[in-house]
Amino acid sequence: MALHLSSLFLRTLREDPVDAEVPSHRLLVRAGYVRRVSPGVYTWLPLGLRVLRNVERIVRDEMDAIGAQELLFPALLPKEPFEASGRYAEYGDNIFRLTDRKGAGHLLGPTHEELFTLTVKDLYSSYKDLPLALYQIQTKYRDEARPRAGVLRGREFVMKDSYSFDVDAAGLDKSYQLHRDAYVRIFDRLGFHYVIVQAMAGAMGGSKSEEFLATAEVGEDTYVRCTSCGYAANVEAVRVPAPDAVPFDGLPASHVEDTPATPTIETLVDHLNERFPRDDRPWAAGDTLKNVIVMLEHPDGTREPLAIGIPGDRAVDEKRLGAQVEPAEVVAFDEVAFSQNTALVKGYIGPGALGTDGASGIRYLLDPRVVEGTRWVTGANEPGRHVLDLVAGRDFTADGTIEAAEVRVGDACPNCEHTLETARGIEMGHVFQLGTKYAEALGLKVLDQNGKLVTVVMGSYGVGVSRAVAAVVEGNHDASGIVWPRELSPVDVHIVATGKDEPVFVAAEEVARDLEAQGLRVLVDDRKGVSPGVKFKDSELIGVPTIVVIGRGLAEGKVEIKDRRSNERREVPRDEVVAAVVREVRGG
RNA sequence: CGGGGCAUGGCGCAGCUUGGUAGCGCGUCCGCUUUGGGAGCGGAAGGCCGCAGGUUCGAAUCCUGUUGCCCCGACCA
């Protein structure tokens, strides 16, 4: 039965809702797809629900096609599994927690690694049962600090999450690739531009992770991409290409110089240019080695200082640093901490005092650019003094390297000889090699061919289903409203009946019936006494890709077919309209 | 958690400075006219002005407190 606008539970808004900033939010509310209930919590109205179901259908199709099996976990979960995995504490305020009448703790599931792991452990115990892939499409809950942009970032949202279980890493690679391929098909069908970026695999077990980002100005994720080769990565995941080590034969010996009142890179560079001018070029910030001390706080509450050496022209990127030291948190290295370590001279810290073997005993990690043979000006660990011509590998070493320096537009691509630029996107999907983190924590093991217990290797894979609805609108709208890709549109055809002549409405119903007989889904604007302008505006706002206008031309046996995206209209004889529309919908 | 802003019919807003019968546009309902780009005229319904105190003869308006919401940032498998 066709939907009829005269009775459909829908009210379009002529004006923009005041709280909606991004286009998708504005349009989904104005066109009557969603209504806000509370911050980050939305009702799906009939048209919106149809779109949401369409996204689910596509996801389901492609998951089933790779042999993943659908199941459904509760959203209301006991807290114990999350305590076992350590995430009850780790997730912090982002979990919705509640207590039942007996005082037992529960939570609303933010994600389901634990439950999948435990359920597989419950039922399976042999390598013969693997590989296995399970998925669910389910409502998730996260008490986001700041929900925003309508359903783009909600506190309640629909997500498809799936998990793969393999007996070894090679199996995981296969499962991962299967999922990745399925995701490519899903996002192609959803109809938006996206990039696949390398992401952080996390501290434990995982070895590979990629995110599917819908390219969008309003996106919350910044990523970098190569201007030439197709490389794309999250800022956190960018690997700085380390230059080759250079021989240090013949380089001058290091020498300590007085550099009074030069606690910052800027003052130091000025001083160098004044007192120790170079022959070839002026000193620049990039000639200096900046040593930054931070404090790490581990999950168990212990604290550990960490020194990071990076070229002086770069800042430490907190996100990149945070991703590197996960699960530890980065906190400020404050005055108190400084005063407790007498080997540190603020503003003049140099490699000489750093490292687990150095005077300070602080672990020291270097930016990958600081390779053997490079010469630096850096602190001499005395007030007002710096060392010049300090050569990495000859005069100092560190405990390792770390990717913590900011990534800048124009930096070298790790993959080719070109440079990087930044762009923004919306995270739509994530494929992730979990490894054994959860299997280990929750004891998921199977017997292998030799009768030995081995820990199962897992992957996790997510698609933001409700978010996809908003992301698709971000990429598919114009000044008048939404322009749905065919597979997502709430219906295939929107029939607009204009005028007051009864034959027009009769014809609209006949066409609707015939189109439905051909298997198309139809919406009829059968409202009486509503002016044509209103109906045209509404049809454009709602965004069904094919609009059939039945009105004044009917007297001459003509109706109009309009393409929402191109705005092209053509008149066809009344008798041919069904065939023409079917062709257009199926072909397009 | 930091910064900024806003709470007045379903939606968008004015009124507040200078206290005195709560208003406008859209939407909704009734009648007549109109019907290819958000129609016209006439009539109508609908609001404890976020909440709680206070000042005052009198508070949407002034004062105090409080709650909620929105935007930016921090945060975010």
Side-chain angles (χ1 to χ4, degrees), chain A residues 11-22 25 29-30 32 35-41 82 85 87 90-95 109-114 116 140 142-150 152-155 157 159-163 199-204 206 209-211 218 220-221 234 236 318-319 322-323 326-327 329-330 427 429-434 437-438 458-464 467 480-481 496-501 504-505 525 527-541 547 549-555 558-560 562 567 569 571:
Chain A
R11 192 103 312 159
T12 56
L13 303 179
R14 187 180 293 206
E15 289 169 275
D16 282 336
V18 68
D19 56 348
E21 291 282 308
V22 304
H25 186 192
V29 173
R30 269 192 66 198
R35 295 296 294 173
R36 195 190 74 101
V37 170
S38 71
V41 180
F82 286 79
S85 68
R87 291 209 300 178
E90 226 175 81
Y91 248 97
D93 290 337
N94 270 7
I95 285 187
T111 169
H112 280 69
E113 278 84 356
E114 286 83 355
F116 275 92
K140 306 288 188 200
R142 293 185 199 174
D143 192 0
E144 296 284 353
R146 192 158 94 75
R148 71 184 91 185
L152 207 47
R153 178 177 200 77
R155 296 196 296 169
F157 56 96
M159 175 167 131
K160 187 285 296 182
D161 53 330
S162 50
Y163 301 85
M200 283 302 293
M204 305 250 287
S209 171
E210 289 165 288
E211 287 176 4
V218 300
E220 299 180 82
D221 293 339
N234 255 358
E236 292 96 298
E318 285 184 33
K319 273 196 170 174
E326 213 181 334
E329 295 267 310
V330 177
E427 184 182 344
H430 196 166
V431 290
F432 191 84
Q433 296 198 351
L434 274 182
K437 175 175 175 175
Y438 292 94
M458 292 170 55
S460 92
Y461 317 89
V463 173
R467 175 179 284 183
S480 312
V496 174
T498 69
K500 58 179 175 179
D501 302 329
V504 164
F505 291 90
D525 192 344
R527 292 175 293 178
K528 301 267 174 71
V530 174
S531 70
V534 171
K535 293 185 176 181
F536 293 142
K537 290 287 185 193
D538 275 347
S539 71
E540 282 151 17
L541 185 59
I547 298 165
V549 181
I550 303 179
R552 64 179 178 198
L554 189 68
K558 296 275 175 71
V559 300
E560 187 177 291
K562 191 160 84 170
N567 217 22
R569 319 167 180 195
E571 289 215 310

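Every value quoted in this text rests on a predicted model; they were computed, and no experiment measured them. Throughout, protein chains are lettered first and strands after them, A, B, ... in sequence-line order, and every chain is numbered starting at 1.
Here A/Thr498 contributes atom OG1 and A/Arg552 contributes atom CZ; the two are 8.0 Å apart, rounded to the nearest 0.5 Å. How far CG of A/Leu434 is from CE of A/Met458: 5.5 Å, rounded to the nearest 0.5 Å. Atoms OH and OG, on A/Tyr438 and A/Ser460 in that order, are 7.5 Å from each other to the nearest 0.5 Å.
Nucleotides B/rC49 and B/rC16, compared at atom C1', are 11 Å apart to the nearest Å. B/rG20 and B/rU28 have their P atoms separated by 34 Å, given to the nearest Å. Distance noted for atom C1' between B/rG31 and B/rG5: 45 Å (whole Å). Atom name C1', nucleotides B/rG47 and B/rU21: the rounded distance is 15 Å, in whole Å.
Of the side-chain N and O atoms in A/Lys537, none sit less than 4.0 angstrom from OP1 or OP2 of B/rG38.
Atom CZ of A/Phe536 and atom C1' of B/rU35 are 10 Å apart (whole Å). We find that CG of A/Leu13 is positioned 15 Å from C1' of B/rC13, with the value rounded to whole Å. The separation between A/Lys535 atom NZ and B/rU34 atom P is 17 Å, rounded to whole Å. The nearest whole Å value for the distance from the CG atom in A/Asp16 to the C1' atom in B/rC26 is 13 Å.
Toward the 5′ end of RNA chain B lies the nearest nucleotide of A/Asp538, the other residue of the pair A/Glu113 and A/Asp538 mapping further downstream. Map A/Arg155 and A/Val463 each onto its nearest nucleotide of RNA chain B; the residue landing nearer the 5' end is A/Arg155.
Of the candidates B/rC11, B/rG36, B/rU35, the closest approach to any side-chain atom of A/Arg35 belongs to B/rC11.
Across all strands shown, A/Lys528 has no heavy atoms under 4.0 Å from either base or sugar-phosphate atoms. Nucleic acid contact class of A/Arg569 (heavy atoms, under 4.0 Å, all strands): base. A/Ser460 comes within 4.0 angstrom of nothing in the nucleic acid, heavy atoms only.
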B/S/- along nucleotides 70-75 of chain B (protein heavy atoms under 4.0 Å) is SSBBBB

With the criterion being N/O to N/O and under 3.5 Å, what pairs connect the protein with nucleotides 39-45 of chain B, and how long is each?
unit_1 : atom_1 : unit_2   : atom_2 : d
B/rA39 : OP2    : A/Ser531 : OG     : 2.9

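Side-chain to base pairing of A/Lys562 with B/rG36: no donor and acceptor N or O lie closer than 3.5 Å to each other. For A/Glu540 and B/rG37, a side-chain-to-base donor-acceptor distance below 3.5 Å is present, hydrogens and geometry of angles not being considered.
Here B/rA44 sits opposite B/rU28 as a Watson-Crick or G-U wobble pair (both hydrogen-bonding atom distances under 3.5 Å).
A/Arg467 places a side-chain N or O within 3.5 Å of a backbone atom of A/Glu427 that can act as its donor or acceptor partner.
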Any chance you could lay out the side chain to side chain contact (heavy atoms under 4.5 Å, CB included) test for A/Lys140 and A/His112, step after step, and finish with the verdict? CA-CA 9 Å; A/Lys140 306 288 188 200; A/His112 280 69; 2.8 Å; yes

